[in-house]
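Comments concern the structure below.
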2 protein chains.
Amino acid sequence: MAKIATTVYEQIRTSILNGELSNAERLVEEDLALSLGISRTPVREALRRLAAEGLVDVSPNRGARVAEWDDHDLREIFDLRSILEAHAVELATPIASASEIEYLENICAEMEALALTDASSPDRIPGLAEKNRKFHGKIIEISNSSRLGALIETLVHVPIVMQTYKVYSPAALERSLRHHREIVNAMKAGDEVWASNVMRAHILAAREEILGGNN
Amino acid sequence: MAKIATTVYEQIRTSILNGELSNAERLVEEDLALSLGISRTPVREALRRLAAEGLVDVSPNRGARVAEWDDHDLREIFDLRSILEAHAVELATPIASASEIEYLENICAEMEALALTDASSPDRIPGLAEKNRKFHGKIIEISNSSRLGALIETLVHVPIVMQTYKVYSPAALERSLRHHREIVNAMKAGDEVWASNVMRAHILAAREEILGGNN
DNA sequence: TCGTACGAGATGGTATACAAGTCCAACGGA
DNA sequence: TCCGTTGGACTTGTATACCATCTCGTACGA
């Protein structure tokens, strides 16, 4: 029922995001098509879409490779995310409903509970990452600006890749969870300036955590 | 030499931007291919690219149509542009070279000269629009953040369409040119806060001008 | 009048073929 | 030995043909 191109797109995308495809690995249309048992056409479409999102690089007549990112890229991305997500929460705050606030609070609670569990649990990090995505995604959804959502979407991909490698320090994790709580509190108070500034701090802190503070 | 798909992409894009394609007009792959004397393959690719940029809407099995925008869309777009371009000039200000500043000043002078010419001249409005694009583009270039440039790029398309219909009032035009001058002055002074706030005001003013101030 | 079935028109995908571009490696000359 | 050239393998970009499937309007039938 689903379009094959979309399925392929998602497959390749998660493969990249999971790190199953090594850095700068070539993505040959025919190979992919063969291994997926389909023709080149939908593969091409999927690759173009991924290229538009910046997950793969394509050069004319040379095909597609998994994109690479350096510290400068990451810095750019977190900078922009901090600005756009701060704007999102600024828009969201005055129009968030009580039930939406409650939803965010529930995520906070779940993340806090998960943070306390055994550090060696295999579900812990993915679970936290997933709930984190939900938290940020919900705020963007509340902001009710489809284009803002689309812009952030394109920026979020790359950091996800890193998330699988970098593990937050306990202190950073705690700070992150406190930020979430504070954001919700600010929204509850209807203070969009407060909310947006915490959000910006939240993401810039994450940037330094990921960049290792060494640049 | 150039890829046909790219050529087609640009053709359709400028057709949309020039308003040569009426609103919500259907874009049938085979018709386009036939009229351009090429096959469906590159047309498909071009349409997908345009869809990724938001210039056309595609729905599964129903094909592509020229995208439509309402006031809400425009409001969103100008909001985001005001934020992102303000950020761009904030980044650009501390690192702009003297020659880059001079380049911007030249554009200011050219626009001012052009604004004084006969209002009935056919080149006046397109000339101003073109130089305006150059001005904003140069600042983004100076900011040296490729992703920021890419994000703004995707937002700039739609307002261009409107530019061809809406004509600035003389007062608005004058304000716009003064803003440009003030932005350059702020950059020259190395004051990125000043610069970014003028930029934000500049774009929000344009928004109200285009939306007619009636919402 | 309402529902349904039908058919025209398009898209999504497959298969195949080929020109042109890229890359690499072997070859040959300085 | 080193470097430039050549040639071919490998891909991409495009064309073409074909068909299943989907959409949508319409005419038919209950």
Side-chain angles (χ1 to χ4, degrees), chain A residues 1-16 20-69 146 150 153 157, chain B residues 1-16 20-69 146 150 153 157:
Chain A
M1 41 141 261
K3 290 209 316 178
I4 295 186
T6 301
T7 313
V8 179
Y9 158 77
E10 284 164 357
Q11 282 181 21
I12 301 178
R13 182 163 145 265
T14 59
S15 286
I16 295 176
E20 290 167 21
L21 293 166
S22 40
N23 253 7
E25 180 155 341
R26 273 191 78 188
L27 299 170
V28 179
E29 295 176 2
E30 188 138 13
D31 293 354
L32 288 169
L34 220 59
S35 75
L36 294 168
I38 58 177
S39 73
R40 270 175 65 200
T41 312
V43 174
R44 282 184 71 105
E45 183 172 335
L47 288 177
R48 301 314 158 125
R49 253 203 268 180
L50 290 164
E53 291 184 14
L55 275 177
V56 312
D57 290 334
V58 300
S59 19
N61 290 308
R62 302 187 44 200
R65 342 185 63 105
V66 178
E68 291 183 294
W69 311 278
S146 57
E153 182 81 12
H157 290 321
Chain B
M1 39 140 259
K3 290 209 315 180
I4 296 186
T6 301
T7 313
V8 178
Y9 157 78
E10 284 165 357
Q11 281 182 21
I12 300 177
R13 181 163 147 266
T14 59
S15 286
I16 295 176
E20 289 166 20
L21 294 167
S22 40
N23 255 8
E25 179 154 341
R26 273 192 78 186
L27 298 170
V28 179
E29 294 176 1
E30 189 139 10
D31 293 355
L32 288 169
L34 219 60
S35 75
L36 295 168
I38 58 177
S39 75
R40 269 174 68 199
T41 313
V43 174
R44 285 180 69 136
E45 182 170 334
L47 288 178
R48 302 315 160 122
R49 251 204 270 182
L50 291 164
E53 290 184 15
L55 275 177
V56 312
D57 289 334
V58 300
S59 17
N61 290 307
R62 302 188 47 201
R65 347 185 59 106
V66 179
E68 290 183 295
W69 311 278
S146 57
E153 183 81 12
H157 289 321

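The sequence lines fix the lettering, A, B, ..., with proteins before strands; numbering per chain opens at 1.
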To the nearest angstrom, the CG-C1' distance between A:N61 and C:dG21 comes to 4 Å
When rounded to whole Å, the CZ to P distance for the pair B:R65 and D:dT23 reads 14 Å
Here the distance between atom C1' of C:dA10 and atom CG of B:D57, to the nearest Å, is 17 Å
Would you indicate, yes or no, if D:dA15 has its OP1 or OP2 atom less than 4.0 angstrom from a side-chain nitrogen or oxygen of B:S39? yes
B:E29 CD to C:dT11 C1', in whole Å, measures 6 Å
Could you tell me whether the side chain of B:R40 has a donor or acceptor atom within less than 3.5 Å of a complementary atom in the base of C:dG12?
yes
Between the CD1 atom in B:I16 and the CD atom in B:E25, the distance rounded to the nearest 0.5 Å is 9.5 Å
Here the distance between atom P of C:dA15 and atom CG of A:L36, to the nearest Å, is 13 Å
note: A:E25, atom CD; D:dT11, atom P; distance rounded to Å ~ 13 Å
Under a 3.5 Å threshold, yes or no: a donor from one side chain and an acceptor from the other, between A:T41 and B:R44? no
With the side chain defined as heavy atoms from C-beta on, A:R44 is closest, among D:dT12, D:dT16, C:dG13, to D:dT12
Quick one: side chains of residues 55-66 of chain A, donor-acceptor pairs under 3.5 Å with protein atoms, not counting sequence neighbours, listed by atom name and distance.
| from | atom 1 | to | atom 2 | distance (Å) |
| --- | --- | --- | --- | --- |
| A:R65 | NE | A:A24 | O | 3.2 |

Between NZ of B:K3 and C1' of C:dA19 the distance, given in whole Å, is 15 Å
Q. Touch check for A:L27, heavy atoms < 4.0 angstrom, all strands: base, sugar-phosphate only, or nothing?
A. sugar-phosphate
Open item on the list: Using only modelled atom types and a 3.5 angstrom limit, is any donor from either the side chain of B:R26 or the base of C:dG9 paired with an acceptor on the other?
Closed with: no
With a 4.0 Å cut-off on N to O distance, would you call B:R48 and A:E45 a salt bridge?
yes
Have a look at A:R48 and say if it touches a base, only the backbone sugar-phosphate, or nothing, with a 4.0 Å heavy-atom cut-off. sugar-phosphate
Per atom distances to the A:I4 side chain, the nearest of C:dT14, D:dT12, C:dT22 is C:dT14
note: B:E30, atom CD; D:dA15, atom C1'; distance rounded to Å ~ 13 Å
Side-chain contact check for B:T41: nearest option of D:dT14, C:dT22, D:dT11 is D:dT14
So CD of B:Q11 and CD of B:E20: to nearest 0.5 Å the spacing works out to 10.5 Å
